[in-house]
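The figures here come from the full heavy-atom set of this structure, side chains too, leaving out hydrogens, waters and symmetry mates. These figures come from a predicted structure and were not determined experimentally.
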Amino acid sequence: MTKPCILCCAITGSVPTKADNPAVPTTVNEQVESSHAAVEAGASIIHAHVRNDDESPSSDPERFARLKEGLEKHCPGVIIQFSTGGRSGAGKDRGGMLSLRPDMASLSVGSNNFPTRVYENAPDLIDWLSSEMIKYEITPEIEAFDLSHILHAIRMGEQGRLFGKLYVQFVMGVKNAMFADREVFDFYVKIMQERAPQAEWCAAGIGPNQIVVNEWAIAAGGHTRAGLEDNVRQDRQTLAPSNAALIARAADLCEKYERPVATSAQAREILGLRAT
């Protein structure tokens, strides 16, 4: 395969703290520094959450603005993707930063169970978030925790309710949601190929599933995500030293399967994003 593989780095998330792994970047300065190293290791998308001073999750637009400014200065050309996930806020607060016009933003188009709660995404909130992304010309990355989310995203794309090129991420290995199951993964790929052949897809694995799903996605011709949001360990005995180390593992898998790692410019072209 000669198609470049887009590597997304999920740098922080809403759950892991420095108590879990001291390398988790929680301040804006730490996030910018960690992102720079991840980009040097091969990441072309930075998937970003922000935190309060006490490390709790935040949806504060001012913090997102400072992070965006830092990434644009120190990681020129990188694709900036903001999270609109439900752990960072409630209701329309989840999209309060979209007016900052990042290149991309995550979008969940259905509800499902998480380890200790229901991850609720009501239809009216989904419609509002997607309309805000259209308003500000932000390409969504659909975070699909279930087959129904993939099918709904394809339909939304066909109906013109999503901005830009359809990009679907399979999230596998979240406790109480979809297992990291190879047969299910292969079926997801088949669905995308048959029902949305012009779309792009990627896959993320949680915890020890990260490296497994990275390899499945790279071998199957898709794109993939790594980073401390999803997995704080290098292996069972060792904490991951950085986001860059987890991206480097994925880049090594690209070399194994003879796939070039996409530059930010190539990733923008593949995803149909505006050039910098």
Main-chain N/O of [Y] paired to [X] side chain as donor or acceptor, under 3.5 Å:
X	Y	value
E137	R101	no
N121	G110	yes
N243	A38	no

*Is Q159 atom CD crowded by more than 12 heavy atoms from other residues, nucleotides or ligands, each under 6.0 Å away?*
yes
*Does atom CD of E269 have more than 12 heavy-atom neighbours from other groups under 6.0 Å away?*
no
Which pairs, with at least one residue in [range] and sequence neighbours excluded, count as a salt bridge (Lys or Arg N to Asp or Glu O under 4.0 Å)?
range	answer
residues 42-55	D53-R63
residues 24-50	K18-E30
residues 184-212	K3-E200, K165-E200, R182-D186, K190-E194
residues 107-134	D127-R161

ILVMFWY cluster, [X] and [Y] together (side-chain gap under 4.5 Å):
X	Y	result
M172	Y167	no
L147	V118	no
F64	I46	yes
V109	W128	yes

*Do D103 and T276 have side chains that get closer than 4.5 Å, going by heavy atoms?*
no
_Just to verify, which of Y188, F179, F187 counts as forming a ring-ring contact (aromatic ring centres under 6.0 Å, His included) with F170?_
Y188
*Who pairs with H49 by ring-ring contact (aromatic ring centres under 6.0 Å, His included), at least two apart in sequence or on another chain?*
H47
*For F114, enumerate each residue passing the ring-ring contact (aromatic ring centres under 6.0 Å, His included) test, keeping only those at least two apart in sequence or located in another chain.*
Y119, F145
